[in-house]
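Here's the structure we're looking at; comments come further down.
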Amino acid sequence: MNREEPGARPDPLNRRFPAVGKGLWGHVADSDWNDWHWQLRHRIASLESLETVLKLTPEEREGVVWSGRHLALAITPYFFNLIDREDPDCPIRRQVVPRVEETIPAAWEMIDPCGEDEHMPVPGLVHRYPDRVLFLVTDRCATYCRYCTRSRVVSGVGELHLHTEFDRAIEYVRQHTEVRDVLLSGGDPLLFTDEKLEHILAQLRAIPHVEFLRIGTRIPVFLPQRITPELCAMLKKYHPLWMSIHMNHPREATAEVREACGRLADAGIPLGNQSVLLRGVNDAAPVMKELMHRLLMMRVRPYYIYQCDLVKGTHHLRISVRRGIEIMEALRGHTTGYAVPQYVIDAPGGGGKVPIGPQYVLAHDKQRVILRNYEGQVFEYPETDVCLAPAHERAG
Ligand SMILES: *Cc1c(COP(=O)(O)O)cnc(C)c1O
């Protein structure tokens with residue numbers, strides 16, 4: 001990879017983004033490797049195929065056997081190459097290789113942790129907030145994250161099935177003039193062919209009150225080959241269209257992903273990133289900071305860091321909210337403001353996203369706000385009523 005346009009200026013950041021390349025698939029033709037259909041057809045999706053490329057621990061082996069009835073195993077060859085096969089605690093491996101702990105739900109974990117199924121006026125359409133909807137267009141992904149918030153419906157082997165009613169969902173948006181923002185998610189919408197995705201986008205864009213379209217996807221990270229010039233040319237017809245990608249560890253920020261994000265950004269698509277706080281993946285401030293810096297270098301604005309939802313069988317991947325707040329505290333003020341996302345908990349049972357983070361307001365009354373900064377220094381800011389008092393009434 002690392003292709004440079006003839007005559008283009010050299011990119012000094014290039015060397016910071018190593019290409020993953022073909023790795024274990026060195027024998028495969030470049031044209032196959034770079035073909036997203038080839039990547040999907042050759043996913044590692046069975047115990048047999050995983051064991052040919054990775055020495056599994058007993059915990060993983062049992063997890064894989066179990067996954068076939070709950071949340072399928074699937075890993076694209078491209079993403080598999082990011083795994084350090086010598087390291088059983090590899091942060092990439094922990095995200096995608098099933099473990100036996102998935103079979104042991106904690107008492108407070110839930111099938112539908114964010115209460116989405118109760119907020120679906122039409123199957124596949126979640127209408128929780130007044131002005132925007134979440135449109136679940138597919139139950140399939142290129143690779144399955146073991147902590148998936150929708151594992152109940154995603155991958156086709158779990159407890160429930162997603163039966164999105166496309167015509168009714170689009171009609172609902174048409175009828176509900178208060179919906180100004182439609183978020184396509186799933187599963188991963190970018191698994192659709194360009195034609196199928198365009199058909200949905202075109203219908204939504206034709207609705208006058210729909211101001212804002214966005215796509216939530218991990219395809220740029222799992223399958224950057226999918227981000228073709230043709231896809232970008234199609235998406236760009238439906239502006240304003242934004243995209244949220246999902247990256248959890250700095251090692252996911254490869255040359256391939258940077259190029260894919262570059263193509264999307266060049267098509268005018270503002271990119272945001274959502275990360276999930278995960279034990280052994282990104283639960284250390286320096287790792288998170290490095291991830292945020294790499295995102296900025298890829299023209300991706302960190303948007304949310306999620307506390308891991310209370311999905312059944314994710315206890316082993318969760319860290320405490322206290323740790324999460326400490327990590328946020330290590331970002332704010334210590335790095336570029338653009339590199340600081342909002343830390344949120346998606347309220348269990350369906351209250352929507354609630355922002356959480358370190359407290360910088362130490363006291364607040366009618367006269368003043370007492371603040372502390374990122375270094376712990378304390379400041380006072382007068383409240384507006386005091387500022388607005390006529391000059392002769394002010395002390396001094
Ligand atoms: C996350 C989410 C949205 C989008 O929320 P924003 O904070 O606007 O990004 C919309 N609907 C549902 C049901 C969601 O979970």
Side-chain angles (χ1 to χ4, degrees), residues 109-139 141 145 147-154 160 162-166 168-170 172-190 200-201 204 207 209-218 220 239-248 264 269-277 292 295 300-311 314 324 328 338 340-357:
E109 291 177 343
M110 293 171 263
I111 295 219
D112 179 14
C114 302
E116 292 177 338
D117 294 344
E118 294 141 46
H119 286 87
M120 281 193 196
V122 174
L125 193 75
V126 187
H127 193 180
R128 153 138 44 249
Y129 298 103
D131 68 336
R132 55 205 190 278
V133 290
L134 170 66
F135 191 3
L136 305 177
V137 297
T138 174
D139 60 359
C141 291
C145 308
Y147 50 88
C148 177
T149 191
R150 289 191 198 102
S151 56
R152 68 187 184 285
V153 288
V154 159
L160 303 168
L162 183 70
H163 298 287
T164 301
E165 293 189 27
F166 287 90
R168 273 185 65 204
I170 289 165
Y172 179 93
V173 175
R174 210 175 275 129
Q175 298 295 326
H176 287 255
T177 53
E178 72 277 20
V179 176
R180 41 161 289 286
D181 168 4
V182 180
L183 163 54
L184 303 190
S185 183
D188 202 315
L190 294 190
I200 298 170
L201 291 173
L204 292 168
I207 302 172
H209 56 267
V210 173
E211 300 171 358
F212 187 67
L213 293 172
R214 45 180 168 161
I215 297 176
T217 173
R218 206 176 181 185
H239 277 316
L241 175 77
W242 293 44
M243 196 176 276
S244 289
I245 69 168
H246 172 177
M247 203 179 288
N248 289 325
L264 291 164
I269 302 171
L271 299 170
N273 182 68
Q274 318 195 85
S275 298
V276 179
L277 268 178
M292 299 305 141
L295 287 164
V300 181
R301 163 75 157 106
Y303 181 40
Y304 282 138
I305 290 181
Y306 288 93
Q307 175 65 14
C308 185
D309 288 332
L310 298 174
V311 194
T314 57
M328 292 311 299
Y338 278 123
V340 184
Q342 177 69 60
Y343 179 31
V344 291
I345 296 183
D346 214 330
K353 296 173 185 71
V354 180
I356 45 172

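Both ligands and their constituent atoms are indexed starting at 1 by order of listing. The basis for the numbers below is simple: all heavy atoms, side chains too, and nothing from hydrogens, waters or symmetry mates.
Judged as a side chain to side chain contact (heavy atoms under 4.5 Å, CB included), and not counting sequence neighbours, the contacts of Arg132 are Tyr129, Asp181, Arg214. With sequence neighbours left out, Asp139 forms a salt bridge (Lys or Arg N to Asp or Glu O under 4.0 Å) with no residue at all.
Nearest protein heavy-atom contact of atom 4 (C) of ligand 1 is Arg214 NH2, 3.3 Å.
Under a 3.5 Å cut-off, the side chain of Ser244 and the backbone N or O of Gly272 do not form any donor-acceptor pair. Of the possible polar contacts, none joining the Asp309 side chain to the Pro113 backbone as a donor-acceptor pair under 3.5 Å is found.
Looking at Gln342 against ligand 1, nothing comes within 4.0 Å, counting heavy atoms. The part of Arg132 lying near ligand 1 is the side chain, judged by heavy-atom distances below 4.0 Å.
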- request: Determine, stepwise, if the pair Asn248 / Tyr147 fulfils side-chain hydrogen bond (donor to acceptor under 3.5 Å, both in side chains).
  value: CA-CA 12 Å; Asn248 289 325; Tyr147 50 88; 2.8 Å; yes

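The distance from ligand 1 to the heavy atoms of Tyr304 drops below 4.0 Å at these ligand atoms: 6 (P), 7 (O), 9 (O). Those atoms of ligand 1 with a heavy atom of Val126 less than 4.0 angstrom away are 13 (C).
Summarising the contacts of atom 5 (O) of ligand 1 with Lys353, Glu116, His127, the nearest heavy atom is found in Lys353. Taking only non-hydrogen atoms, the option from Tyr303, Tyr129, Tyr306, Phe135 nearest to atom 6 (P) of ligand 1 is Tyr303.
His176 and His127 have perpendicular rings, their planes meeting at more than 60° on a 0 to 90° scale where under 30° would count as parallel.
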